[in-house]
Amino acid sequence: MEVCYILEVDVNGEEIFIVDKKTLSSFSDRLSKLFGGLTDGSRKLKVIFDNFPGGAYGFELMARFCYNNGTIEITPSNIVLLNHAAHYMEMGSNSSAKLNLVDQTEKFLEGINYWTWSELLQALKLCQDLLPTINSSFLLDKVLDCLVRLTLPTMASPFTCSSNNSSFQFSCDTSSTCSMRNNWSQTTWWFEDLLVLNVNSFDKVIRMMMSQKLDHATIFKFIVFRLKSRYFSVTASEKCKITELAINLLSLLDRSSLSCRGLFHILLAVSRLKNISKFYALKLERLVGSMLDQATLDHLLAPSPHRNHHVYDVNLVLRLFKAFFLEGSTISQTQLRKVASLMDSYLIEVAPDILLKPSKFAALIMVLPDSAREFSDRLYQAIDMYLQVHVQLCEEVKMRLCSFVNHDKLSAEASKHLAQNSNFPPRSTLKSFVTQKSKLNSLIHNHLSHFKVSSQSKSHSNAMEEQEGFDQILIYARKHGHSKEIDNLETRLQGMQKKVTELEKVCTMTHSEMSSVTKSRLHGPGKARSLPKLCS
């Protein structure tokens with residue numbers, strides 16, 4: 001009579017199975033080697049498995065295969081558990097059984113390219129649950145590769161419901177699923193489904209997508225979408241981990257495919273994380289800074305992490321602008337003008353912040369070279385606003401801030417406003433007058449130089465044109481608020497006009513006398529002399 005050995009199996013502490021040792025050992029080399037040296041007296045045995053793949057359900061599938069004499073229906077829904085259980089129990093080619101489970105599952109996996117999208121997703125979830133077993137990693141790579149191929153827009157439309165499981169053709173399970181898919185873009189329909197990816201799988205998928213030449217703009221959108229979606233359901237440490245991975249992957253993408261809006265969304269999320277690595281935070285800031293010419297004012301208005309210092313995160317903006325200038329020679333004049341305009345808008349926005357220290361405000365101004373600004377009107381507006389709010393500043397600090405305004409780049413209206421602005425220190429106001437006076441003197445000098453030349457070659461009929469020129473100078477002076485100088489200027493101009501009139505009379509008389517002298521000498525010996533150019 002054949003001896004029956006009862007085997008008690010404790011699976012991961014979840015459940016205890018009572019099975020026949022001989023039945024399972026005939027297909028499992030692991031059990032066969034474990035109990036091979038037992039005597040007939042050892043009829044009741046017990047084994048404990050702490051890490052059985054798939055737990056109680058995985059063991060039940062494996063046992064069913066053994067009790068059915070090496071046969072079981074293998075489907076995409078159970079292939080992962082069966083394959084892992086087969087390797088765990090050493091039911092491969094070395095097994096004494098002819099119909100080993102490893103070979104059967106491996107053969108079934110050859111048709112993975114014909115699986116539906118939902119079947120692949122189910123297999124993905126199981127593989128991730130079974131990690132970090134060696135075989136799970138191998139099977140996971142196969143599943144991920146198929147999923148990535150299905151996301152490529154060159155494949156058959158993912159929205160087509162079909163019962164034919166042709167290679168890499170997405171098959172919808174129900175009409176409702178198809179309806180939901182139709183609401184998505186043809187390049188982003190898979191975003192929500194792949195939220196099940198864990199950190200390691202996500203890293204693999206992105207790199208696979210890049211190797212398969214998937215559009216980098218689509219990859220970027222998926223990275224941002226995943227960050228937004230996962231932030232609400234994970235712990236602080238997990239947020240740091242997925243954010244650091246996302247930043248690392250973003251650096252691999254082509255910069256032309258990146259969205260400034262998406263990058264600032266990630267940057268805002270990073271600013272709220274306390275334990276994120278400084279290496280990755282700076283890496284992201286440098287990436288965002290390189291695209292600062294595409295940013296808007298709203299992007300820069302990130303709240304300060306320390307509200308007791310200032311309202312907006314000024315330190316972050318300073319770092320971004322410094323990162324922009326790290327691009328060096330690759331910065332065009334157009335980009336420079338855009339960034340300068342952006343900074344002026346930011347200065348106007350933060351100027352009313354009573355908590356913003358003068359040193360920080362000055363740092364924001366100095367982060368850009370003066371050559372970056374085509375005009376200084378908006379910079380003057382920001383400084384004026386800052387001085388109105390921060391009335392307690394000493395004269396030295398006010399003077400320093402006011403010295404940043406390039407008076408030569410101010411419009412006439414801004415210069416006039418500055419000259420009458422009581423918020424600006426007297427030295428600054430004087431500088432405005434000096435600058436405008438310099439302009440005025442230059443204009444007069446140029447005009448008089450032109451007048452001296454033209455008076456030598458023009459007749460009295462052009463006097464009205466010259467008078468109009470003088471009038472224009474007076475209009476310029478009045479327009480710029482030089483009331484005290486206007487009187488002096490008018491006196492000077494009147495004096496010059498009087499001298500010109502007298503000079504014209506002298507020239508006329510001289511011309512008459514010279515004509516008579518010339519006529520008298522034409523009849524005498526010698527050669528006639530030329531007339532002076534002034535009188536000719």
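Atom CG in Leu250 sits 10.5 Å away from atom CD1 in Ile219 (nearest 0.5 Å). Asn315 contributes atom CG, which lies 7.5 Å from atom OG of Ser304 (distance to the nearest 0.5 angstrom). Interatomic distance, Met209 CE to Leu249 CG, rounded to the nearest 0.5 Å: 11.0 Å. Taking OH of Tyr380 as the reference point, atom CG of Asn406 lies at 14.5 Å (rounded to 0.5 Å). From Thr105, atom OG1 reaches atom CG of Asp103 across 7.5 Å, with rounding to the nearest 0.5 Å. Separating the NE2 atom in His84 from the CG atom in Leu130 is a distance of 4.5 Å, to the nearest 0.5 Å.
Side-chain contact check for Asp384 and Gln388: at least one donor-acceptor pair (N or O, by modelled atom type) lies under 3.5 Å. Between the side chains of Glu119 and Ser77, not a single donor N or O lies within less than 3.5 Å of an accepting N or O. Residues Thr334 and Ser332 have side chains that never bring a donor and an acceptor to within less than 3.5 angstrom of each other. If you check the side chains of Ser411 and Asp377, you find a donor sitting under 3.5 Å from an acceptor. For the residue pair Asn198 / Ser201, a side-chain donor-acceptor distance below 3.5 Å is found, with atom types taken as modelled.
Between Phe49 and Phe52, the ring planes are tilted. Angles from 30° to 60° get that label.
The pair Lys33-Asp29 does not count as a salt bridge, with every side-chain nitrogen at least 4.0 angstrom from each carboxylate oxygen. For Arg230 and Glu238, the salt-bridge test fails: no basic side-chain N is under 4.0 Å from an acidic carboxylate O.
Within 6.0 Å of CG in Asn68 there are more than 12 heavy atoms belonging to other residues, nucleotides or ligands. The environment of Lys283 atom NZ is dense: over 12 non-hydrogen atoms of other residues, nucleotides or ligands sit within 6.0 angstrom.
Arg30 forms a cation-pi arrangement with Tyr88, by the criterion of a distance under 6.0 Å to the ring centre and an angle within 45° of the ring axis.
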